[in-house]
Amino acid sequence: MKERKSNKTSGTPASIREALKKATTEMLMLFVLRQKPMYTYEMMQAIEVMSEGKITFNTLYQAIYRLKDFGYIYEKEKMVSEDNRVRIYFDVTETGDTYLQQLIAEYYSFTDTVNQILAQGGRHLHGAHGPGDGGRLQKEEKMDSYQYRCVCGGFDCCPVYLFYLRRTA
C-alpha cells in the first residue's frame, strides 16, 4: 500500500495561513506591481515588508507564468544587475488592473462575510433556537410565566427567539 505524503501544516492553524496565502498571491503580486514595475525577488521583498514579515514567499514563478499567460502582466524590460544577473521587470496590463480590482472586491466581499459570521459567535443559526433545541434556551421562572431566552448572549441577542409561556398552575 502506498504511504500518503504528510503535509506539515495540515490539521494545524498554519494550514489556513497557507491556504489564504495561496488564494491571495496573484492579488498581492498585482497590487505591488501596480505601484511600480518590479522583478520577482523585489515583489517578494515588497510583500514581506508590507506585511511586516507575516507573508513570505519562496518563489513566485508559477504565479508569474499564470499572470503572463492570462495577459495580466507583461515583461517591461530586462536589465543586467551588477552581479551579472538578468532581472526581468514586470508590469500590470490594463486587463490585469481590471482583474486586480475584481480580486480586491471579491476578497473584501468574502472576508466581510466571514467576519460577519464570526462576529455572531454562532448565535443566530436558523433553527438552532426554540423548543427541543438541545439546551440552547434557558428557562427562567417569573411570577406568572416562564421566560425562555437564548443562552448565547442575553435578552437582546435573539429577540426573535425570546418568548413567554403562561403558567397554568
Side-chain angles (χ1 to χ4, degrees), residues 1-129 136 150 152-154 156-161:
M1 201 185 262
K2 210 175 194 186
E3 210 173 293
R4 286 183 66 172
K5 228 180 179 180
S6 173
N7 183 344
K8 294 178 191 175
T9 62
S10 184
T12 69
S15 66
I16 193 168
R17 184 181 327 110
E18 288 303 311
L20 289 170
K21 185 168 83 169
K22 185 175 181 179
T24 59
T25 299
E26 290 180 359
M27 179 178 64
L28 293 173
M29 290 174 62
L30 289 168
F31 182 81
V32 296
L33 282 177
R34 196 170 66 173
Q35 313 306 310
K36 68 175 192 167
M38 295 184 199
Y39 57 94
T40 305
Y41 184 68
E42 190 177 13
M43 283 185 260
M44 291 167 43
Q45 288 178 316
I47 293 168
E48 185 173 350
V49 167
M50 292 173 82
S51 71
E52 298 177 350
K54 293 180 180 133
I55 303 173
T56 60
F57 294 96
N58 294 324
T59 183
L60 292 175
Y61 288 108
Q62 287 183 345
I64 291 274
Y65 299 139
R66 272 194 314 273
L67 291 170
K68 274 180 63 180
D69 288 346
F70 283 110
Y72 298 142
I73 64 172
Y74 68 99
E75 291 182 15
K76 185 170 178 103
E77 65 180 307
K78 291 181 183 181
M79 295 180 73
V80 178
S81 67
E82 291 177 11
D83 59 352
N84 272 346
R85 291 183 182 197
V86 175
R87 292 194 173 143
I88 301 170
Y89 286 79
F90 296 94
D91 203 353
V92 180
T93 64
E94 192 174 312
T95 307
D97 194 51
T98 301
Y99 179 57
L100 172 61
Q101 296 309 312
Q102 293 169 339
L103 288 174
I104 291 171
E106 185 60 32
Y107 171 80
Y108 281 127
S109 174
F110 187 83
T111 56
D112 287 348
T113 302
V114 170
N115 289 336
Q116 178 184 353
I117 292 168
L118 295 177
Q120 295 176 26
R123 296 179 294 191
H124 299 284
L125 299 174
H126 292 292
H129 297 63
R136 294 278 305 159
C150 174
C152 65
D156 296 333
C157 75
C158 302
V160 173
Y161 301 110

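- Under the 3.5 Å distance criterion, the side-chain polar atoms of Thr95 are left unmatched by any main-chain donor or acceptor of Tyr72.
- Contacts of Phe57 classified as ring-ring contact (aromatic ring centres under 6.0 Å, His included), with partners at least two apart in sequence or in another chain: none.
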- Would you check, one step at a time, whether the test side-chain contact (heavy atoms from CB on, under 4.5 Å) holds for Met38 with Phe90? CA-CA 5 Å; Met38 295 184 199; Phe90 296 94; over 6 Å; no

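- Rounded to the nearest 0.5 Å, atoms OH (Tyr39) and CD (Glu75) are 15.5 Å apart.
- Of the residues listed (Asp97, Leu28, Val92, Thr93), the one engaging Leu33 in a side-chain contact (heavy atoms from CB on, under 4.5 Å) is Val92, and it is the only one.
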- Message: As a quick check of understanding, evaluate side-chain contact (heavy atoms from CB on, under 4.5 Å) for Arg34 and Leu100, giving each step before the final call.
- Response: CA-CA 9 Å; Arg34 196 170 66 173; Leu100 172 61; 3.8 Å; yes

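- Formation of a donor-acceptor pair under 3.5 Å by the Lys21 side chain with backbone atoms of Thr56 is found in this model.
- With sequence neighbours left out, Tyr74 forms a ring-ring contact (aromatic ring centres under 6.0 Å, His included) with no residue at all.
- Shown here is Gln62, whose CD atom has no more than 12 heavy atoms of other residues, nucleotides or ligands within 6.0 Å.
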- Query: For Glu77 and Met79, what are the C-alpha separation, side-chain angles and deciding distance, and is it a side-chain contact (heavy atoms from CB on, under 4.5 Å)?
  - Reply: CA-CA 7 Å; Glu77 65 180 307; Met79 295 180 73; 3.7 Å; yes

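- With a 4.5 Å cut-off on side-chain heavy atoms, Glu42 and Lys36 count as touching.
- Counting only heavy atoms from C-beta outward, the side chains of Ile64 and Thr40 approach each other to under 4.5 Å.
- Heavy atoms of other residues, nucleotides or ligands lying less than 6.0 angstrom from OH of Tyr89 number more than 12.
- Note: Tyr61 OH to Arg66 CZ = 15.0 Å, rounded to the nearest 0.5 Å.
- For the residue pair Tyr99 / Glu26, a side-chain donor-acceptor distance below 3.5 Å is found, with atom types taken as modelled.
- Side-chain atoms of Lys54 and Glu48, non-hydrogen and from C-beta on, never get closer than 4.5 Å to each other.
- Surrounding CG of Asn58 are at most 12 heavy atoms belonging to other residues, nucleotides or ligands under 6.0 Å away.
- Atom OG1 of Thr113 and atom OH of Tyr108 lie 14.0 Å apart (nearest 0.5 Å).
- Two residues are said to be in side-chain contact when any heavy atoms from C-beta on lie closer than 4.5 Å; Leu30 and Leu103 meet this criterion.
- Taking CD1 from Ile88 and NZ from Lys78, the interatomic distance works out to 5.0 Å, rounded to the nearest 0.5 Å.
- The backbone N or O of Ala14 lies less than 3.5 Å from no partner atom in the side chain of Glu18, so there is not a single donor-acceptor pair.
- For the pair Tyr107/Thr24, a side-chain contact is recorded, criterion being any heavy-atom separation below 4.5 Å from C-beta on.
- What you find for Thr25 and Ala63 is that their closest heavy atoms are CG2-CB, 4.0 Å.
- Remark: Arg17 CZ is loosely packed, at most 12 non-hydrogen atoms of other residues, nucleotides or ligands lying under 6.0 Å away.
- Distance CD1/Ile117 to CG/Asp112: 11.5 Å, rounded to 0.5 Å.
- Between Arg85 and Val80 the shortest side-chain heavy-atom distance does not fall below 4.5 Å.
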